[in-house]
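In what follows, a structure is listed as C-alpha cells, so that the remarks can point back to it.
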Amino acid sequence: MTIRIAAGSLVVLVGPPASGKTTWAARRFGPGVVVSSDDLRGLVGTGPHDQRAGKDAFDVLDLVVERRLRRGLTTVIDSLGTDAKRRGRWRRAAAAAGAPCVAVVFDVDAATCRARNRGRERPVPAAVMASMLAGWPGVRDSLAAEGYAAVHPAGDEPVAVVAPDLVAAPAAAARQEEHPMPLEFGLQIPRFTCPGGPAEIRSRLGDVAAAAEDAGFHSLWVMDHFLQIPTVGPHWEEMLDSWTTLAFLAGRTDRARLGTLVTGVTYRNIAHLAKIVATLDVLSGGRAICGIGAAWFEREHKAYGWRFPPNAERYALLRDALELLPLMWGKGAPAYSGRTIEVAEAVCYPRPLQDHVPILVGGMGETMTLRLVAEHADACNLLGGLDVVRHKLEVLHGHCAKAGRDPAEITVTHLGTADAPSVEDHVGRYRQYAEAGVDWAIVNFADPTDPGPVAAFGEVIEAFRRRD
C-alpha cells in the first residue's frame, strides 16, 4: 500500500544507524527534497563524518527546514532522528508554518543494522552502535505520543506526495461506498481561451455545457469579471460577460442551475442587476442563482472607469443589495431606502419564475461576510482545504446563532480544482468535504473548454447520487 504524505509536509526519518534511511529517502523523493545532516556536515566541516561540525550542521539544517516550510515545500529530514529535543524542535517548526509533521520509523533488527554498519567505508564505532541500538526501543515507542500527523513504518511501499485532502481519500472513498452521502456538483468555467481563438468559443462552450449536463452536474458557474484575474491567467485572456454567457448556457441546457461566482456589487446598478437575474430566470425556466460579493479587483475598476469604493462602503452596498434584490423580485413595488441605495419603486416585470431566487454570497471574511451570509443569504461559497472549511463553518454557525437562524437553511458550496489522479481519490476527497458540511462541490478543470474531462467526471458524480 502506498504511503500518502500531504504536499508541504515535514517528514522526519527516525531510526538507528544503518537502518536504511538515506537509501529509502533517495528512492522515494526527488532531488532537493531531502535535507541530510551528513551532507551538511560535509558542507560546513571536513566531510560527512566530521562529528565536530555536528552543531553547525544542525543549525544550518534547522534554517533550511524553516525556510522550506515557509514556502510550503515538502521536506524530508535525513538524520538519526533519535534526539527527542530535535524532533520536538522540528514539530514546532512545522506547526508554526501550518504544515503537517510526519514520522517514518525504521524499526530494523539489531543484527541487520550491525551487518550493514560493518560494510560501510566509515562504520559507526561498535560501542556507539551498541548504545544507540540499546536505546532504540524507547525512541520507537515514544513516537506515537509525540503528536505527529502520522507515523508510518518504513518498508517497501512507494510514497505519494499528494494534496492534503487526498491523504485520507482511500478510506473516505470506502466510507462513501459503504454508507453513501449525497453531494451535488457544479462546474465552474473560469477561462474561455480556445485553440482556435474567439471564433471557437461558442462551439466549445456549448459542448462543455452539454457534457456537463449529461454527466450529471447540478449547476454551471462563471466568474463575473471583465479582465482575467491574476490567479487564473494574464489579463489579456479572453473574458466573456458573465450574465450574457449564462444566457447562452441557458439556451444550451435544460436542467443545470446557472450562477455567477460571484457578481461584484460595484459593477452594476443593483436594481438593474435584479432585472438581469430575473430575465435569466424566466428565459432559463427558473434556473438562475444570484451570486454576489463585495468586489475586490481594483485594476478592473480602474480599467473600466468604475469607482472602487473603500471596503466599508462596498460592504454597506452589499448589505443594501441583499435587502433590495428580494424586494425587486417580490410582490408589489415598494420604495427602498438603504445605506447607499435609493429606489423609488422596486419594480421588475416579469418577475422570476422561481418563488425565491437563491442568493449566494461569495467571500469568507469572518467579521462581515459570513455575518451577512447568516443574516441574508441562501448560500455561501468557501475556498481552501478541509481545515479551513471546518473553521469557516464554525464561524458561520456562530453568526447564525446570533441571528436566530438555522444553519441548515444555508447551502454550503466549495470551489476547487478537480485535480485528483483517480476516481477513488476524487470520491474520497469529496466525501471528506461532504462530511465537513459542504452541500455543493463546485469544480473546475485544467482546460475548462475541453468537454472530455467534464464527461469523465460523471463517474464521480454517480458515486454521490441520491438513492432515496
Side-chain angles (χ1 to χ4, degrees), residues 184-264 267-268 273 276-293 297 300 304 357-358 360 362 381 413-419 426 440-461:
E184 300 287 0
F185 286 86
L187 173 67
Q188 187 203 36
I189 307 172
R191 305 179 76 175
F192 304 99
T193 301
C194 299
E200 194 178 357
I201 294 176
R202 177 177 177 274
S203 61
R204 284 269 193 151
L205 197 56
D207 290 345
V208 167
E213 198 161 70
D214 289 345
F217 279 95
H218 154 277
S219 50
L220 298 173
W221 304 82
V222 296
M223 301 191 300
D224 185 39
H225 285 291
F226 302 84
L227 304 173
Q228 184 58 273
I229 62 175
T231 54
V232 175
H235 73 273
W236 58 83
E237 273 193 357
E238 287 86 352
M239 178 57 65
L240 302 181
D241 174 77
S242 61
W243 291 100
T244 309
T245 302
L246 292 176
F248 170 79
L249 293 173
R252 299 300 293 265
T253 56
D254 297 309
R255 301 178 302 279
R257 306 298 300 269
L258 304 162
T260 54
L261 280 180
V262 289
T263 287
Y267 294 147
R268 299 167 186 83
L273 174 63
I276 293 169
V277 176
T279 299
L280 176 66
D281 197 64
V282 169
L283 296 181
S284 68
R287 294 186 280 144
I289 300 172
C290 182
I292 195 165
F297 197 7
E300 195 167 53
Y304 278 77
V357 175
L360 177 152
N381 183 245
T413 76
H414 177 268
L415 175 63
T417 300
D419 58 356
H426 277 304
W440 298 353
I442 303 174
V443 303
N444 55 51
F445 294 89
D447 182 357
T449 65
D450 181 358
V454 174
F457 199 80
E459 191 172 351
V460 179
I461 296 174

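Considering all non-hydrogen atoms of both residues, Leu280 and Ala250 come closest at CD1-CB, 4.2 Å. Residues Ala256 and Leu258 share a closest heavy-atom pair of O-CG, 3.7 Å. For Gly291 against Thr260, the heavy-atom pair with the smallest separation is O-OG1, 3.0 Å. When all heavy atoms of Gly206 and Phe248 are compared, the closest pair comes out as N-CE2, 3.9 Å. Here the closest non-hydrogen pair linking Phe297 and His225 is CD2-ND1, 4.0 Å. For Ile292 against Val262, the heavy-atom pair with the smallest separation is N-CB, 3.5 Å.
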Derivation and outcome, side chain to side chain contact (heavy atoms under 4.5 Å, CB included), residues Gln188 and Val222: CA-CA 6 Å; Gln188 187 203 36; Val222 296; over 6 Å; no
Stepwise, does the side chain to side chain contact (heavy atoms under 4.5 Å, CB included) test hold for Ile189 with Leu205? CA-CA 9 Å; Ile189 307 172; Leu205 197 56; 3.8 Å; yes
Pair Leu240, Ile201 - check side chain to side chain contact (heavy atoms under 4.5 Å, CB included), show working. CA-CA 10 Å; Leu240 302 181; Ile201 294 176; 3.9 Å; yes
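Ring centers of Tyr267 and Tyr304: at least 6.0 Å apart, outside the cut-off.
Side chains of Leu273 and Thr263 form a contact here, defined as non-hydrogen atoms less than 4.5 Å apart. When side chains are defined from C-beta on, Asp419 does not count as touching Phe445, because their heavy atoms never get closer than 4.5 Å. Counting heavy atoms from C-beta on, the side chains of Arg204 and Pro195 come closer than 4.5 Å. For the pair Met223/Ile229, a side-chain contact is recorded, criterion being any heavy-atom separation below 4.5 Å from C-beta on. Val277 places a side-chain heavy atom less than 4.5 Å from the side chain of Val357. Leu261 places a side-chain heavy atom less than 4.5 Å from the side chain of Asn381. Using a 4.5 Å cut-off on side-chain heavy atoms (C-beta onward), Phe226 and Asp241 make contact. Side-chain contact between Pro198 and Phe192 is absent, with no heavy atoms from C-beta onward closer than 4.5 Å.
Between Trp221 and Trp440, the two ring planes are tilted [angle within 30° to 60°].
Looking at Glu213, its side chain does come within 3.5 Å of a backbone N or O of Asp254 through a donor-acceptor pair.
With 3.5 Å as the limit, one finds no donor-acceptor pair spanning the side chains of Ser242 and Thr245. In this structure, a donor-acceptor pair under 3.5 Å is absent between the side chains of Arg287 and Ser219. No hydrogens or angles considered: nothing links the side chains of Thr279 and Trp243 as a donor-acceptor pair under 3.5 Å.
Atoms CZ and CD, from Arg191 and Glu237 in turn, are 4.0 Å apart once rounded to the nearest 0.5 Å. A distance of 11.0 Å separates OG of Ser284 from CG of Leu220, quoted to the nearest 0.5 Å. Rounding to the nearest 0.5 Å gives a distance of 5.5 Å between NE2 of His426 and CZ of Phe457.
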Identify each donor-acceptor pair in which a side-chain atom of residues 448-456 lies under 3.5 Å from a protein atom, sequence neighbours left out, and give them as a table.
{"residue": "Thr449", "atom": "OG1", "partner": "Asp447", "partner atom": "OD1", "Å": "2.9"}
{"residue": "Asp450", "atom": "OD1", "partner": "Gly452", "partner atom": "N", "Å": "2.9"}

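Sorted by first and then second residue, the salt bridge (Lys or Arg N to Asp or Glu O under 4.0 Å) pairs with a member in residues 216-225 read Asp224-Arg268; sequence neighbours excluded.
Annotation: salt bridge (Lys or Arg N to Asp or Glu O under 4.0 Å) contacts of Glu238 (sequence neighbours excluded): none.
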